[in-house]
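Worksheet for the structure shown next.
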Amino acid sequence: MRIPNLFIVRPVALDGAFVDLWVVELSRSHRRSLLGRDDAAIIGGMSERTLAIIKPDAVERRLAGPIIHRIESSGFQIRAMRKVRLTKREAEGFYAVHRERPFFGSLTDFMSSGPAILLVLEAPGAIKKWRSLMGATDPAKAEAGTLRKEFAESIERNATHGSDAPETAAYEIGYFFAGIELV
Ligand code: ATP
Ligand code: MG
């Protein structure tokens, strides 16, 4: 929908929110016709954040540079980035949703086997956008041009991680980063 006289006032940082909100101000007549009152503004999310991890297999093979290059050239803002070596317990906490899966032990051994790089990425539709750039979990099923097709070694050692929904993104970003670290 195109609305004349619509303009963005400013980004609004809400305490604890992980998406930026923007206030959109309409002319008085449009506010009345669209919203049924003339003292309202539209507040909408224009951007989204997701947690990305460059997993130990990719860091070990010196693929962090090419992957970060792809992140930036795809239009993401990097809001935070840190290199860590997860402990087994930290990897188990992070992947707790998978604790009943047969690969849980092996996955958490792998995730704590060497340094990984944690990133908070921001873009409109960041969660879906980053998962499309990564490609399918199993590199054998990943589409050409995706990071996992290009860089993953196997379904487990698959180079990158991405949050799968807004709730998991909020949990995963909060698991590793304090709000003050997101810039
Ligand atoms: P991620 O959560 O790491 O972004 P994903 O969402 O594509 O990956 P999940 O189903 O959440 O896939 O699995 C989490 C991770 O567990 C995978 O990325 C992979 O490293 C590992 N994994 C998934 N399925 C298997 C499997 N069948 N065998 C071994 N490891 C697996
Ligand atoms: Mg997942």
Side-chain angles (χ1 to χ4, degrees), residues 17-20 45 47-179 181-182:
F18 76 103
V19 293
D20 286 338
S47 199
E48 186 175 62
R49 288 176 183 166
T50 190
L51 185 86
I53 303 180
I54 304 174
K55 293 185 178 180
D57 62 311
V59 173
E60 188 186 333
R61 287 176 290 137
R62 298 172 185 263
L63 295 170
I67 292 172
I68 292 167
H69 178 68
R70 291 281 292 278
I71 288 170
E72 291 199 306
S73 59
S74 303
F76 291 98
Q77 296 286 341
I78 298 175
R79 293 290 176 215
M81 178 160 74
R82 186 163 79 240
K83 190 174 186 183
V84 292
R85 176 153 183 181
L86 298 180
T87 64
K88 173 85 171 163
R89 270 181 74 91
E90 287 164 347
E92 286 171 349
F94 179 72
Y95 275 125
V97 288
H98 294 311
R99 65 185 167 275
E100 306 301 336
R101 309 278 285 273
F103 56 81
F104 184 66
S106 166
L107 172 64
T108 51
D109 279 347
F110 158 56
M111 289 300 289
S112 56
S113 66
I117 295 174
L118 313 169
L119 304 103
V120 177
L121 307 182
E122 183 175 310
I127 295 170
K128 215 168 152 204
K129 182 178 162 83
W130 172 236
R131 288 183 73 83
S132 331
L133 182 58
M134 289 196 301
T137 311
D138 182 354
K141 296 181 184 149
E143 279 184 40
T146 61
L147 295 172
R148 282 165 166 171
K149 183 70 176 180
E150 199 170 336
F151 298 129
E153 293 183 319
S154 67
I155 191 168
E156 180 172 278
R157 299 171 64 86
N158 60 359
T160 54
H161 161 83
S163 311
D164 59 13
E167 303 71 34
T168 43
Y171 171 78
E172 292 177 0
I173 291 169
Y175 192 79
F176 291 121
F177 293 98
E181 294 176 278
L182 308 179

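Just follow the structure's listing: the first ligand is 1, and inside any ligand the first atom is 1.
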Heavy atoms, side chains only, cut-off 4.5 Å: are L133 and T160 in contact?
-> no
Report the C-alpha separation of F176 and V120 in whole Å, then their side-chain angles, then the decisive distance to 0.1 Å, and conclude whether the side chain to side chain contact (heavy atoms under 4.5 Å, CB included) test is met.
-> CA-CA 10 Å; F176 291 121; V120 177; over 6 Å; no
Which protein non-hydrogen atom lies closest to atom 7 (O) of ligand 1, naming both residue and atom, and how far is it?
-> T137 OG1, 2.6 Å
Given L182 and I173, is the side chain to side chain contact (heavy atoms under 4.5 Å, CB included) satisfied, shown in steps?
-> CA-CA 10 Å; L182 308 179; I173 291 169; 4.2 Å; yes
Atom 23 (C) of ligand 1 [closest protein heavy-atom partner, distance rounded to 0.1 Å] = F103 CZ, 3.5 Å
One finds that the ligand 1 atoms under 4.0 Å from a non-hydrogen atom of N158 are 17 (C), 18 (O), 19 (C), 20 (O)
Should the pair Y175 and F94 be assigned to parallel (<30°), tilted (30 to 60°) or perpendicular (>60°) ring geometry?
-> tilted
Hey, does F110 sit under 4.0 Å from ligand 1 if you only count heavy atoms?
-> no
Are E60 and R157 close enough that some pair of their side-chain heavy atoms sits under 4.5 Å apart?
-> yes
Would you call the rings of Y95 and H161 parallel, tilted or perpendicular, where under 30° means parallel and over 60° means perpendicular?
-> perpendicular
Go through I78 and I68 one step at a time and tell me if the side chain to side chain contact (heavy atoms under 4.5 Å, CB included) criterion holds.
-> CA-CA 9 Å; I78 298 175; I68 292 167; 4.0 Å; yes
For atom 1 (P) of ligand 1, the protein heavy atom that lies nearest, with its residue and separation = H161 ND1, 3.0 Å
Would you check whether R157 has a nitrogen or oxygen atom less than 3.5 angstrom from a nitrogen or oxygen atom of ligand 1?
-> no
Apply the test side chain to side chain contact (heavy atoms under 4.5 Å, CB included) to residues R101 and L107: give CA-CA distance (whole Å), side-chain angles for both, the deciding distance (0.1 Å), then the verdict.
-> CA-CA 10 Å; R101 309 278 285 273; L107 172 64; over 6 Å; no
Quick one: does M111 get a heavy atom under 4.0 Å from ligand 1?
-> no
For ligand 1, note which part of I155 has a heavy atom under 4.0 Å away: side chain, backbone, both or neither.
-> both
For atom 3 (O) of ligand 1, which protein heavy atom lies nearest, and how many Å away is it?
-> Y95 OH, 2.7 Å
Residue and atom name of the nearest protein heavy atom (relative to atom 21 (C) of ligand 1), distance in Å to one decimal = L107 CD1, 3.8 Å
Provide, to 0.1 Å, the distance between atom 9 (P) of ligand 1 and the closest protein heavy atom, together with that atom's residue and name.
-> H98 NE2, 3.6 Å
By number and element, which atoms of ligand 1 are closer than 4.0 Å to a non-hydrogen atom of R148?
-> 1 (P), 3 (O), 4 (O), 7 (O), 8 (O), 18 (O)
Would you mind reporting whether K129 and L121 have side-chain heavy atoms less than 4.5 Å apart?
-> no
Provide, to 0.1 Å, the distance between atom 20 (O) of ligand 1 and the closest protein heavy atom, together with that atom's residue and name.
-> E156 O, 2.8 Å
